[in-house]
Structure formats: structure tokens, C-alpha cells
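A short write-up of the structure that comes next.
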2 protein chains.
Amino acid sequence: MMEQKQEMHEFINRGDEHFMAHISLDCVIFGFHANQLKVLLLKIRHDDRWALPGGFVLKEETMEEAADRVLNERTGLNDIFLRQFHVFSDIHRSNTEKFLELMRSEGIVVEENNWLTKRFISVGFYALVDYEKAIPAEGWDSEACEWFDLDNVGELILDHNKIIGAALETMRRQLNFLPIGYNLLPEKFTMPELQKLYETILGKTLDRRNFQRKMLAYGILDRLDERRKGGAHKAPYLYKFNLEQYQKALKEGLQGGW
Amino acid sequence: MMEQKQEMHEFINRGDEHFMAHISLDCVIFGFHANQLKVLLLKIRHDDRWALPGGFVLKEETMEEAADRVLNERTGLNDIFLRQFHVFSDIHRSNTEKFLELMRSEGIVVEENNWLTKRFISVGFYALVDYEKAIPAEGWDSEACEWFDLDNVGELILDHNKIIGAALETMRRQLNFLPIGYNLLPEKFTMPELQKLYETILGKTLDRRNFQRKMLAYGILDRLDERRKGGAHKAPYLYKFNLEQYQKALKEGLQGGW
DNA sequence: ATATCATTGTGTCAGAAAAACACATTGGTA
DNA sequence: TACCAATGTGTTTTTCTGACACAATGATAT
């Protein structure tokens, strides 16, 4: 505990020796589980609210590398689908008062003109991860790290609700270009699961039969000789992505919209 | 001339009192003229090369406001279609050596740790303007401001060629969502002109009759009882965008691709 | 004045893609 | 063992797309 406070003090008062001022990033980390789109959130200390995992940019790393680092710290995962989608730069998006209040309650002395009291512009990233493989981990600056149903995140700090909304909107548009399912689903999955994912992202229902036809027409799925048992009804086939065809589709984009 | 140097000195050595360090923006300003996509470029002092119009962000303005300001300074236009599309954050994208060399040749003393010698991250914007209405204007930091054919920009400074490429790529994708012609064409235009614009952006030819059918099906165009005379052949009708339908299309997006 | 001709306006038709819809199969559950 | 909800696999209908044909027009050349 003592060490943790030491680390925090170091970060707050000397962080600008390593990080660039004014620039931050926030990650909207999506997962899919039990037919629900999930977002990974952090519990802020001394605040009822939750927040997106975020961070700052080291002086010798790109935005993408920084986002990758943040993602790895929160999920333990590497080589993850990660895309920047928007820069958020409202003048009052930072809340310096709240920050100072937090520091007081932590008993940390913040020097005048501290870098964290400056205005910050944040680059929004969204990541798609396999819910089963991610291992949520809080850091020294947060009390908890958990998955939330996308439609049940409540009121987050700052403009984070807005950021999530923008991420979802971006993902919706890119659904036509990127085979997004590959990153959100486990290796093996059923057609109904894939469809539910698409329906959740798009926010509308799709015809079961037309969905399957179109999906298979892309040629990026291989059907296995295996079925998912255990459900209360007819056991559906399992599929997995054909990595070769998937890569090709990534370059050329998928045809037609939903 | 003396005043200009004064202004430059002020900007270079005290700019960080007004602007945020580490953050810049670059504008890819597109125009359309004589069946060609054009980009507005600035001639850099003491350098053979040209550059994208860019700037920095005042401490009390958003990225969008800053981009709008830059755009206005270079074209005299306001309320322009302007979208951010990517953050460029390569570590070596800035060229501090070149900057210091430039300053030496200008005879300007640059203090140690000057804000402009830091690493900068740039937010790329693209703008669509009416070529006829824009009035290119160089500023105190450049020798000229001119339109270039998109396929004839030559080698630009830093990563500006890359930025233009990304802007074009983004515009191509958004062509399916946004009625982009509205911003690039004058108020009244002919169907062949609109088609040429689309062909130029997409880099491929389209069937004249199919193009018209699909375009009219969007319902965002009004045909006028007027024709463009003066051409050597049959006079084509003039069209203009139906602003109401255009706004609706902006929200909902256009269907189908090209 | 008139014939010329590249360009524009309008329409058709076949094939592809999407939307709407029907029925047999299956694997737990009652 | 009958039941039933969910899955697998079609067909039909409608819409969209791509390819193509022909008449109309308006400046230009003769």
C-alpha cells in the first residue's frame, strides 16, 4: 500500500519526464459474451463512477504503441485488433477540480502547474477481444476492472459515455469492411452466435436464413464436423474463420451492407 | 518585412503561451476544377518543397475550431465541410534538425528547449471546398499558397504525402455514406460534372446512365429548368442539391456502394 | 442554311443480390 | 415417447446492378 502511494506520487509529480503533456488515450475494449456486447471498465478511486481504461503516451512511443500497452495492462492480451477512431478535444472535457480533489483525498501533494492539471486531448481507440481470453486487471490507479453490458454502463466520468457511443458507431460502419467477428468470438462458434453478435452491433434483428447465406458467401468461414451440444434444442454446427480467406477479405473489404 | 520577422520570432519563442505543445493539425483541403481533384499546398521558406496547411491548437479551442481557423486563414471560407480522419504519431515524423536549420537561415535565435523542438503529434483533417470560392492566401510562414493536381503534388515535407493518401482513402470510403459532391461543386452543376467528380475520387470510370439512375434515386438532387450552354454539344441540365434531403442523407447515410 | 457529330436524355433487358417466406430435422424436455 | 423450440436447407418474389441502344440537341464546319 505504501509502495502504491509512492508509485502514484512519482507518476503525478514526475510523469511529464516520461509522458507527453496534453495527450491521452482512451480504450473502448469490446468483448462478446452470453449474447451481449461487453465493455471493460475501471472503477475510479473515491468516485462512484467507472471509467474507460486509458493512459498517456511515452515520449518514445506512437499512439498505437501506447494503446497497445494500455490494452495489455488491462487484459493481459497482445496482438489485439485495435483502431483509433476519433480525437476528443472539448475544452472542458478534463476536470481539473475533480482531479485536485481526488489528490487531496489521497493525501498527495500536487505541485503548482502540475502536468496533469493541464488540458488533455484524448485519442479514442476501440479494441476487439475474445472475452474468454481477456483477464481483467485493475492497476494502481483503480479499484476494480470489470466487464459491463454495453447497455448498462451507467454514468461514466468525463466524456466517456460519448466516447463509447462514438466507438460503437464506428464499429457499425466498419462492419461492412472488416470481418469483425473474428476478433470478438472464440475460435469456434455457431452461426446463431455470429448472428447475435451482428444483431447486437447493428441494433436490429436479421433474418436467420439470409444472414447465413450471405455470411457463407463471403467464403471466410469453415464449417467443422462438430456441433455445440448442451443447448436445449437442435445442436448447431461449429464454425471457425478461414484465416487465409479472412486476410484477403480484410484487404478487399466485404461486399454489401447489412 | 521587419514586422513579419518580429511576428515569427514572437510565435517561435512565445507560442507555447497560447498554443498547446505536442499537438498540431494538418488540413488536406480538396477542391475540384476542370475535372481534376485539387489540393491546396503551401510553399515552405528556404525549402524546395511544399506542405499541407497546418497549425497548432490554441489553449481555449477544440481541434475542430483550430482546423476551422487554419482553413479560414488559407481560403477565406467559413462553415466548411471538415472532418478529422487520423492521428499521425510516428516518433520521427517531426524533423527538429530541419527546423533549427531553417531558423538559423532566418537568423532567428531559438531558445533551448523551445516548444517547437518537441515531438509533435498531428491530427489529420480533410476539407471539401468550392474551388471557385476559395481564395488561396499564404501566411507569414510561407511564400505561396496554390492548388495542385492531386496526382502531381511531388514530394512534400515530413509525412505529408502519407497524410494526403490517408485523406483520399478516407474520402473514398465515406463517399458511400456522405453526399460529398455538395461541398466540392458549385451550387449549380451538371450530371456529367458530378460523375467526373465521383470517377476522380474513386479512380475508375462509371457508366453514365447507371450513375444518373442511382444518383437520382437518392433523392438528394433537384433538376433545374436550366441548361449549361456554351459546351460544344447538347446542353446538359443543371442540378442542385436539395438541402433538406441532403441533411437527412448526412444523418442516415447513402445506401449501396460504387 | 444545313449537315455533322460528340455529347446528353431516356429506356430496356438479363443477371445478381436481397428480402420474404416454408418445411423438414434434431436434441433436450416434459 | 410425444413435444417443441431452435437449427439446416431450401424456394419464391422483389429489388438492384451492369451492360447496352437509340433518339435528341446544339455548337461547329461547310
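Each chain gets a letter, A, B and so on, in the order the sequences are listed, and its residues count up from 1.
A:Asp207 contributes no side-chain N or O that forms a donor-acceptor pair with the base of C:dA18 under 3.5 Å. With hydrogens and angles ignored, a donor-acceptor pair closer than 3.5 Å exists between the side chain of B:Arg213 and the base of D:dG18.
Counting only N and O atoms by type, the side chains of B:Arg69 and B:Asn72 include no donor and acceptor under 3.5 Å apart. When only modelled atom types and interatomic distance are considered, B:Tyr126 and B:Gln174 share a side-chain donor-acceptor pair under 3.5 Å.
Note on ring orientation: taking the six-membered ring where Trp is involved, the planes of A:Tyr198 and A:Phe211 are perpendicular (angle over 60°, cut-offs 30° and 60°). Between B:Trp147 and B:Tyr131, the ring planes lie tilted relative to each other; the angle falls in the 30° to 60° range.
A:Arg228 has its CZ atom 16 Å from the C1' atom of C:dG28, to the nearest Å. In this entry the distance linking CG of B:Asn210 with C1' of C:dG11 reads 12 Å, nearest Å. One interatomic measurement links the two molecules: NZ of B:Lys204 to C1' of D:dG18, which rounds to 12 Å at whole-angstrom precision. For the pair B:Glu226 CD and D:dT25 P, the computed distance is 18 Å after rounding to whole Å. Atom CD of A:Gln195 is separated from atom P of D:dT7 by 9 Å (rounded to the nearest Å). Taking atom CZ of B:Phe211 as the reference point, atom P of D:dC16 lies 18 Å away to the nearest angstrom. Counting to the nearest Å, the C1' atom of C:dT10 and the CE atom of B:Met215 are 19 Å from each other.
Rounding to the nearest 0.5 Å gives a distance of 8.0 Å between CG of A:Asp130 and CG of A:Leu185.
B:Leu42 has its side chain within reach of B:Arg74: a pair of non-hydrogen atoms, C-beta onward, lies under 4.5 Å apart. Annotation: side chain of A:Asn161 is in contact with side chain of A:Leu156 (closest heavy-atom distance under 4.5 Å).
Comparing the start and finish of the helix from C:dA1-D:dT30 to C:dA30-D:dT1, five pairs each, the helix axis swings through 10°, to the nearest 10 degrees.
Heavy atoms from other residues, nucleotides or ligands lying under 6.0 Å from CG of B:Asn78 number more than 12.
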Pairs: protein N or O with nucleotides 4-9 of chain C N or O, under 3.5 Å:
residue : atom : partner  : partner atom : Å
C:dA6   : N3   : B:His233 : ND1          : 3.1
C:dT8   : O2   : B:Lys234 : NZ           : 3.3
C:dG9   : OP1  : B:Tyr237 : N            : 2.8
C:dG9   : O4'  : B:Lys234 : NZ           : 3.3
C:dG9   : N7   : B:Arg208 : NH1          : 3.0
C:dG9   : O6   : B:Arg208 : NH2          : 2.9

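Each of A:Glu65, A:Gln84, A:Glu64 was evaluated against B:Ser89; a single residue qualifies, A:Glu64, per the side-chain contact (heavy atoms from CB on, under 4.5 Å) test.
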